[in-house]
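All residue numbers in this chain count up from 1 along the given sequence. Just so it is clear, the values below take in all heavy atoms, side chains as well, and ignore hydrogens, waters and symmetry mates.
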Amino acid sequence: METQGKVFKYPDNVDTDVIIPARYLNTPDAKELALHCMEDIDRDYVKNVKPGDVMVAGWNFGCGSSREHAPLVIKTCGTGCVIAKSFARIFYRNAINIGLPILECEQAAEEISASDEVKVDFDTGVITDITTGKTYKAQPFPPFIQNIIKSGGLLKSLKEGENHD
């Protein structure tokens, strides 16, 4: 599984209230929520993101509240992957649960620039900055987590497993 796209770069400690401001959480519609993804830090993100594009961030991405809406809106916007120096624990698990690919790679998060073209191979953990030609190695997820992400989330992977029995 791979993604390739333009980089949107963010600083350390981007919290869930920045990813999806609480003032919009009065709707259960993920597509409507996604219209407000990152708007308090990057008003044009939703207008400019294309399917497969990549978020790159610093330390502690997704800190703050434990809402599952944060990774959901990132995924619903079409973002192909989030690469960060580190993720808040609850965001990390919520991302896997909803099927949003994420990778921790300090060097890539430090060196990749906004607007670079990046390709990510989730099976190997190889991140290629096509713009600069540099490659980085993140730890890929084990096969069972890759299966959750490929299935589109934990619940979908469990339903697929039921259908194979």
Side-chain angles (χ1 to χ4, degrees), residues 1-25 30 33-122 124-129 131-132 134-142 145-146 148-149 152-154:
M1 198 168 86
E2 294 182 344
T3 195
Q4 181 174 330
K6 183 175 98 172
V7 168
F8 292 83
K9 190 149 183 185
Y10 300 104
D12 296 342
N13 300 310
V14 173
D15 68 38
T16 55
D17 287 324
V18 168
I19 297 168
I20 180 63
R23 63 187 175 272
Y24 298 114
L25 295 178
L33 284 172
L35 296 173
H36 304 286
C37 184
M38 306 302 282
E39 77 177 25
D40 286 351
I41 193 172
D42 183 354
R43 185 159 294 288
D44 294 327
Y45 180 74
V46 173
K47 292 182 222 165
N48 294 324
V49 68
K50 305 279 185 275
D53 283 348
V54 177
M55 277 189 186
V56 174
W59 299 104
N60 204 26
F61 186 85
C63 57
S65 69
S66 61
R67 67 177 66 119
E68 206 172 67
H69 301 83
L72 181 64
V73 298
I74 293 170
K75 180 182 174 185
T76 303
C77 285
T79 307
C81 177
V82 180
I83 300 167
K85 291 180 182 178
S86 69
F87 293 92
R89 286 183 327 186
I90 294 173
F91 180 92
Y92 187 93
R93 188 61 215 181
N94 282 339
I96 292 167
N97 285 347
I98 62 97
L100 173 66
I102 58 174
L103 290 172
E104 287 185 342
C105 186
E106 185 177 343
Q107 186 180 9
E110 186 71 36
E111 296 179 6
I112 293 172
S113 298
S115 298
D116 282 2
E117 183 80 11
V118 171
K119 180 179 176 182
V120 181
D121 183 326
F122 302 114
T124 64
V126 173
I127 302 163
T128 305
D129 186 332
T131 304
T132 66
K134 282 194 86 169
T135 59
Y136 307 91
K137 182 76 166 96
Q139 183 66 40
F141 284 120
I145 292 180
Q146 287 186 35
I148 291 170
I149 292 170
L154 180 61

Trace of the side chain to side chain contact (heavy atoms under 4.5 Å, CB included) decision for Asn48 with Phe8: CA-CA 10 Å; Asn48 294 324; Phe8 292 83; 4.0 Å; yes
Could you go through the side chain to side chain contact (heavy atoms under 4.5 Å, CB included) check for Val126 and Lys137 one step at a time? CA-CA 5 Å; Val126 173; Lys137 182 76 166 96; 4.0 Å; yes
Should Val118 and Ile127 be marked as a side chain to side chain contact (heavy atoms under 4.5 Å, CB included) after you check the CA-CA gap, both sets of side-chain angles, and the distance that decides it? CA-CA 7 Å; Val118 171; Ile127 302 163; 3.7 Å; yes
Applying side chain to side chain contact (heavy atoms under 4.5 Å, CB included) to Leu33 and Thr76, what does each step give before you reach the verdict? CA-CA 9 Å; Leu33 284 172; Thr76 303; over 6 Å; no
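The backbone N or O of Ile20 sits less than 3.5 Å from a side-chain atom of Arg67, completing a donor-acceptor pair. Of the possible donor and acceptor atoms, none in the side chain of Lys9 sits under 3.5 Å from a partner among the backbone N and O of Gly58. A side-chain donor-acceptor contact under 3.5 Å links Thr16 to the backbone of Ser65. Under the 3.5 Å distance criterion, the side-chain polar atoms of Thr3 are matched with a main-chain donor or acceptor of Gly52. Judged purely by atom type and a 3.5 angstrom limit, Lys75 has no side-chain atom pairing as donor or acceptor with the backbone of Pro101. No donor-acceptor distance shorter than 3.5 angstrom exists from the side chain of Asp42 to the backbone of Met38, with no hydrogens or angles considered.
Summarising the geometry, atom NE2 belonging to His36 is positioned 10.5 Å from atom SG belonging to Cys77; distances are rounded to the nearest 0.5 Å. For the atom pair CD of Glu110 and NZ of Lys85, the computed distance is 3.5 Å after rounding to the nearest 0.5 Å. Atoms OG1 and CD, from Thr135 and Gln107 in turn, are 9.0 Å apart once rounded to the nearest 0.5 Å. Distance CZ/Phe141 to CD1/Ile102: 4.5 Å, rounded to 0.5 Å. Rounded to the nearest 0.5 Å, atoms OH (Tyr45) and CD1 (Ile74) are 7.0 Å apart. Taking CG from Asn60 and OG from Ser86, the interatomic distance works out to 5.5 Å, rounded to the nearest 0.5 Å.
No side-chain heavy atom of Thr124 sits under 4.5 Å from any side-chain heavy atom of Pro140. Between Glu111 and Asp129 the shortest side-chain heavy-atom distance does not fall below 4.5 Å. Under the 4.5 Å side-chain criterion, counting only non-hydrogen atoms from C-beta, Tyr24 is in contact with Glu39.
One finds no salt bridge joining Lys134 and Asp116 here, because no Lys/Arg side-chain nitrogen approaches an Asp/Glu carboxylate oxygen to under 4.0 Å. Here Asp53 does not pair with Lys50 in a salt bridge; the nearest charged N to carboxylate O distance is not below 4.0 Å.
When all heavy atoms of Gln146 and Phe122 are compared, the closest pair comes out as NE2-O, 3.7 Å. Closest approach of Ala57 to Pro11, counting heavy atoms only: CB-O, 4.1 Å. The shortest heavy-atom contact between Arg93 and Leu154 is NH2-CD2, 4.4 Å. When all heavy atoms are compared, the tightest approach of Val56 to Ala109 is CG1-CA, 3.6 Å. Pairing each heavy atom of Val46 with each of Ala34, the nearest pair is CG2-O, 3.2 Å. When all heavy atoms of Cys81 and Val120 are compared, the pair lying nearest together is SG-CG1, 4.3 Å.
Surrounding NZ of Lys119 are at most 12 heavy atoms belonging to other residues, nucleotides or ligands under 6.0 Å away.
For the residue pair Tyr92/Glu104, the side-chain donor-acceptor check at 3.5 Å is not satisfied.
Under the 6.0 Å cut-off for aromatic ring centres, Phe61 and Tyr10 do not qualify, their centroids lying 6.0 Å or more apart.
With Val54 as the fixed residue, the side-chain contact (heavy atoms from CB on, under 4.5 Å) test singles out one of Leu103, Val49, Ile83: Ile83.
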